[in-house]
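To find a chain, count down the sequence lines: A is the first, B the second, and so on, and within it residues start at 1.
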Number of protein chains: 2
Amino acid sequence: MKIDPSSSKDLSVQIAQAIRDAIISGSLRVDERLPSETELSEKFAVSRPTVREALKRLAAQSLIRTQRGASGGAFVNRLTYEGAYGQQITTSTLLLSMNAVSFETACEARYALERACAPIAAQRRKEEQLGKMREQIARQTAQALSDEEFCASDVAFHRALVDAACNPVLSYHLAGAVEAMQPLMNMITFTARSRIKIVALHHNIADALEAQDATMVDRDLQELHRYTVELAADIIAQKTRSSA
Amino acid sequence: MKIDPSSSKDLSVQIAQAIRDAIISGSLRVDERLPSETELSEKFAVSRPTVREALKRLAAQSLIRTQRGASGGAFVNRLTYEGAYGQQITTSTLLLSMNAVSFETACEARYALERACAPIAAQRRKEEQLGKMREQIARQTAQALSDEEFCASDVAFHRALVDAACNPVLSYHLAGAVEAMQPLMNMITFTARSRIKIVALHHNIADALEAQDATMVDRDLQELHRYTVELAADIIAQKTRSSA
DNA sequence: AGACTTTTAATTGTCTTACAATTGAAAACC
DNA sequence: GGTTTTCAATTGTAAGACAATTAAAAGTCT
């Protein structure tokens, strides 16, 4: 672990990089304790605030966690699926919100990926995910939900569908695609009629999944995709009209 | 912008969160300059090192960039696709390496997602991506590549395939799935015979894409998936034999 | 001896002050 | 007017101090 003080890069960046490399290469294992901040500052020949800035960088990526007190210190984090989901979702959401991605583009990506999960999900679906899906359908049907709540329930339904594939890596990749759409979906106002149609499709999907009919699931997802884009197009048309 | 000093959370975490929220909500716009560290420390009533730790957290997520000198400071970053790709890939790679994901699981996710791009790619493929694919095929055929180089070229080929769908959101999501497999793929030794088979499939894929034959692309990707898993299974069997 | 309490030492979190390095802009000069 | 110099603002880094936290060690009582 050495750094180059003459490099153009900031010291805290170099130190963070050095520790990151040590973690990735495996020379620092999960749950292993890093040297104390004082020791690190001696090792790298920098001040403690500089070491701390480096550690905060790593903490922001949840590569390490810190604990106070005797026998405290910085520890290498296991990157859990839950943690990775979170990072994935915030990055995806930010990417979409900052780059003026069209609704069509984001929606196309989302449904393409979701349809990829469908055949696997149809094959492996368990009672647990089917239950979650039906639970969300019930929410969407019975209760008087706001548009935001309806949208959140929609996301929960689709996540259950993805999870039904029983492939955590797939769930991880899809998390970003599905959740990041939520801010865009929130712009849509779901009328009573459109809700009925969406819930009906959700019903079909859950039934088809239970019957392990991958073709049917795919068809309904396609229809849901088409209909969602149609709804969004209506909203945009309305806005254009009102501003004209 | 206020924070709660009595909260159980660290001040630098709270400050980072406050600024992050301001960015996400849009009250801080892209390329806008944040107040100087001194001003922030007065505003939040904390010391400058604490503010700095907060800023480093944000910089680690590339939400901001800093510049020294007069008229320097911290600026809100636009999260570019390139930047997001990078974060996506490192997170995905770390997730796979730290969680003992089986080759089959990761491979299934990757090919399922890639096959989702195929129909769109077949429809929209441009000369540019076809060229890149053929270029990588040529590399894989002609030159004497190490296993790592062959593998890297393979990744480049598949990224070109994904990019052919002309949907940057899709490319972003796939970047993690494809690139994160590389460390796992690097464990495979590609014999002359297996290379010939893989390159033949790449050829078929490129041809089918040019002919806009989505069905054929899908079939070849399935075969590539099957063959890759078979190769990996051989390696694992060899290792088990040699250790027994 | 065993359970409970107190002390202690290690470690991170934060503050203060200071100086170095960088850089754009204003001022001075030719 | 153009060039150079100076300056001031800002981030980067350093050093030292104290507060807060926490686990372990030491002490104490039953």
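- By the 4.0 Å N-to-carboxylate-O rule, Glu53(B) lies too far from Arg48(A) to be salt-bridged with it.
- Glu108(B) and Asn167(A) share a side-chain donor-acceptor pair at under 3.5 Å.
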A correct 5'-to-3' footprint of nucleotides 10-17 of chain C, with B, S and - meaning base, sugar-phosphate only and no protein heavy atom under 4.0 Å, is BBBBBBB-
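- Between Leu79(B) and Gln87(B), the closest side-chain pair of non-hydrogen atoms falls below 4.5 Å.
- Under 4.0 Å is where a charged nitrogen must lie from a carboxylate oxygen, and between Arg159(B) and Asp154(B) no such pair does.
- Rounded to a whole Å, the CZ atom of Phe75(B) is 11 Å from the C1' atom of dG24(C).
- For the pair Leu40(B) CG and dG12(D) P, the interatomic distance rounds to 13 Å; values are reported in whole Å.
- A salt bridge is absent between Glu32(A) and Arg78(A): the closest approach of a Lys/Arg side-chain nitrogen to an acidic carboxylate oxygen does not fall below 4.0 angstrom.
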